[in-house]
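Numbers for residues simply follow the sequence, beginning at 1.
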Amino acid sequence: MANPFTLGVASGEPLPDGVVLWTRLAVDPLGTDPRRPGGMAPKAVEVSWQLAEDERFTQGLRRGIAQALPVWAHSVHARVAGLKPGTDYFYRFKAGSQQSPVGRTRTADDPASTRPVRFAVANCQRYEHGFYTAYRHLAAERPDVVFHVGDYIYESRQSARVVRALGPLPGETSRLHEYRQRYARYRTDPDLQAAHAAAPWVPTWDDHEVLDNYRGRGDGSAAFLRRRGAAYQAYYENQPIRVRPEDGNLQMYRRRTFGTVADFMVLDVRQYRDATTMLGAAQEQWLLSRLVTSPVRWRVLVQPLFFARRFVPGPAPNLRPDSWDGHPVQRARILGVNVPGLVVFSGDVHNAWAGELKADFLDPGSATVGVEFVGSSITSQPPETDGPAVLAANPHLKFFDDRRGYLSCTAGPEELRVAFRAMDFVDRQGAPVRTVAEFVTKGNGLTSENASSK
């Protein structure tokens, strides 16, 4: 067999005693035959995995066997348990005589730990819009965990603005084999592979993993639900997540806790959404209950969409209905819990923002009940945005920048620190990265350090 590890390796969903190890076999990653995704024959392949505490695989070695099945596009999701908390591990796979690259992963901290957690937040990585240099820099930071808040792929036909072409299937994706091939296109990128191999990931989705701006069951047609089911299956096949889709649905909201420091509540703002709710009743109740009972220092919402009120001067709509401004009543219920240490991480808008969450966004003097950090895109083209005008119209928003990049963060027992890491260009390789702003919160608003808002 030719090299089947063309899509790299990944790990995810860290617990104090375990992780998920991922790979997907693809000898021809950009192959277009629906019967042979990744160029693989329609038969099971035995894949072995190894995990150890050192890169030479001599300390604490563990082994296992998994079956890469054609029904799941020969993806492997190996659940490894019984590990030490807060510990680095290294892993690799083997299929036939071929061996994968080595990846690094890390378990979550012990429930009693007070050790600071280092994490990154990324989103929006349209392939045609640029190179994934940001991921190369993110990988070099070796965070404890990476959170991805959506638009991992774009289902759209190839953009009119092309830095690099999609390849053999440039049209809009709507069927399973097309989603699979689109993921393969993205995952062949060496910088994205490096970021996956550097740390465990905890992803959630936004809209482009299925269809731009879709909500819940879409138009309710059988055709849309088939499309959504295909998209959800391809998402599972290409992400290191624990749960498989069932009957066209996929359980995505969950929490990942790191000691007594941070409780990351990962939200799904698409699958249960309709005109009256962003989250659906069950997810909202889960979230509100967890916010109240969580015993940790920082209660962190990890989700795609701009959470704070953002009035945009100019032509209507001045409040964007696809963001949380489209569901202000549900947002008010979440903020009304008024728990200490509330932090929201968002994406979607292809710009970087930082702001404070207010009990009443129309009253600048009202209580600050949390903070929000919105990461810019990895590559997706930013819209034209009059940042100074938006900041002036929204006193609770403190920072704007239109460069692409990611968030590099540290949450500790006393404070949470967020650095906005940015690059000046993505249309060619080799861009350096720099911190354009850094913010600190102790739970009562934002303190800016080294900010150079653009």
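Taking CG of L267 as the reference point, atom CZ of R254 lies at 10.0 Å (rounded to 0.5 Å). The OG atom of S48 sits 5.0 Å away from atom CD1 of I65, with the distance rounded to the nearest 0.5 Å. Summarising the geometry, atom CD1 belonging to I153 is positioned 8.0 Å from atom CG belonging to N238; distances are rounded to the nearest 0.5 Å. In this structure, the separation between CD on E155 and NE2 on H208 is 5.5 Å, given to the nearest 0.5 Å. Residue T133 holds its OG1 atom at 9.0 Å from CZ of R136, rounded to the nearest 0.5 Å. Once rounded to the nearest 0.5 Å, the distance linking NZ of K84 with OH of Y89 reads 5.5 Å.
The main-chain N or O of D363 is never found under 3.5 Å from a side-chain atom of K358 such that the two would form a donor-acceptor pair. R215 places no side-chain N or O within donor-acceptor distance of the main-chain N or O of R273, the cut-off being under 3.5 Å. With hydrogens and angles ignored, the 3.5 Å screen pairs no side-chain donor or acceptor of R118 with any backbone N or O of T410. With R228 contributing its side chain and G216 its backbone, the two residues share a donor-acceptor pair below 3.5 Å. Between the N394 side chain and the L397 main chain, no donor and acceptor come within less than 3.5 Å of each other. In this structure, D151 contributes its side chain and C124 its backbone to no donor-acceptor pair below 3.5 Å. Judged by distance alone, the side chain of Q233 and the main-chain N or O of P245 form no donor-acceptor pair under 3.5 Å. Under a 3.5 Å cut-off, the side chain of Q283 and the backbone N or O of D268 do form a donor-acceptor pair. Between the side chain of Y186 and the backbone N or O of Y154 there is at least one donor-acceptor pair closer than 3.5 Å. Without hydrogens or angle criteria, E372 side chain to F307 main chain gives a donor-acceptor distance under 3.5 Å.
A cation-pi arrangement, defined by a distance under 6.0 Å to the six-membered ring centre and an angle within 45 degrees of its axis, is present between R92 and F57. A cation-pi geometry, defined here as NZ or CZ lying under 6.0 Å from the six-membered ring centre and within 45° of its normal, does not hold between R270 and W205. Remark: R164 is positioned above the aromatic ring of Y127, its terminal NZ or CZ atom under 6.0 angstrom from the ring centre and at most 45 degrees off the axis.
Using a 4.5 Å cut-off on side-chain heavy atoms (C-beta onward), F373 and F420 make contact. Side-chain contact between W353 and T385: present, with at least one pair of heavy atoms (C-beta onward) separated by less than 4.5 Å. Residues S156 and R126 meet the side-chain proximity criterion, which asks for heavy atoms closer than 4.5 Å. In this structure the side chain of L279 never reaches within 4.5 angstrom of the side chain of W286, judged on heavy atoms. Side chains of D206 and L305 form a contact here, defined as non-hydrogen atoms less than 4.5 Å apart. In this structure the side chain of V145 reaches within 4.5 angstrom of the side chain of F258, judged on heavy atoms. Side-chain contact between L416 and R297 is absent, with no heavy-atom pair separated by less than 4.5 Å. Using a 4.5 Å heavy-atom cutoff, the side chains of D109 and P85 are not in contact.
Between H148 and Q239, the side chains place no donor N or O within less than 3.5 Å of an acceptor N or O (distance only, hydrogens not considered). No hydrogens or angles considered: nothing links the side chains of H396 and E356 as a donor-acceptor pair under 3.5 Å. S408 and E141 are linked by a side-chain donor-acceptor pair at a separation below 3.5 angstrom, with hydrogens and angles left out of the test. Looking only at atom types and distance, the side chain of Q330 has a donor-acceptor partner in the side chain of T277 under 3.5 Å away. Looking at S100 and K94, their side chains never bring a donor and an acceptor atom within 3.5 Å of each other. Donor-acceptor pairing under 3.5 Å is recorded for the side chains of D263 and S294. The closest side-chain donor-acceptor pair between S377 and Q125, if any, does not fall under 3.5 angstrom.
The number of heavy atoms from other shown groups lying within 6.0 Å of CD (Q251) is above 12.
Heavy atoms only, all atoms of each residue included: G445 and T441 are closest at O-OG1, 2.8 Å. A231 approaches V210 most closely through the heavy-atom pair CB-CG2, 3.7 Å. Across all non-hydrogen atoms, the minimal contact from I378 to G405 is CD1-O, 3.8 Å. Heavy-atom minimum distance, T6 versus Q193: O-NE2, 2.8 Å. Between P200 and T105, the closest heavy-atom pair is CB-OG1, 3.6 Å. Residue A68 comes nearest to V76 through the heavy atom pair CB-CG2, 3.9 Å, listed as atom of the first residue, atom of the second, then distance.
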* Decide yes or no on side chain to side chain contact (heavy atoms under 4.5 Å, CB included) for T257 and R290, but give the supporting numbers first. => CA-CA 11 Å; T257 306; R290 187 65 194 172; 4.0 Å; yes

* Asked: So R62 and Q50, side chain to side chain contact (heavy atoms under 4.5 Å, CB included) or not? Walk me through it.
  -> CA-CA 6 Å; R62 294 169 177 261; Q50 294 181 325; over 6 Å; no

* To do: Show the numbers, then the answer: is there a side chain to side chain contact (heavy atoms under 4.5 Å, CB included) between R79 and E13?
  => CA-CA 10 Å; R79 297 187 183 187; E13 306 293 353; over 6 Å; no

* Verdict with reasoning, D325 to R331, per salt bridge (charged side-chain N to carboxylate O under 4.0 Å, His left out) -> CA-CA 8 Å; D325 279 329; R331 176 177 62 194; 2.9 Å; yes

* To do: Please step through side chain to side chain contact (heavy atoms under 4.5 Å, CB included) for the pair L15 and R256, ending with a clear verdict.
  => CA-CA 7 Å; L15 301 174; R256 293 290 173 256; 4.0 Å; yes

* Starting from the C-alpha separation in whole Å, work towards a yes-or-no answer on salt bridge (charged side-chain N to carboxylate O under 4.0 Å, His left out) for D88 and R106. => CA-CA 4 Å; D88 283 1; R106 184 177 175 86; 2.8 Å; yes

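Of the charged side-chain nitrogens involved, at least one lies within less than 4.0 Å of a carboxylate oxygen, so that D401 and R403 count as a salt-bridged pair. A salt bridge does not link D348 to R320: none of the charged side-chain nitrogens sits closer than 4.0 Å to a carboxylate oxygen.
E237 pairs in a side-chain hydrogen bond (donor to acceptor under 3.5 Å, both in side chains) with only one of the listed residues (R180, R24, H77, H74), which is R180. Here the options are W298, Y406, W201, F345, the test is ring pair (Phe, Tyr, Trp, His ring centres under 6.0 Å), and the partner is F119; only F345 passes.
Between Y236 and W72, the ring planes lie perpendicular to each other; the angle is over 60°, past the 30° to 60° tilted range.
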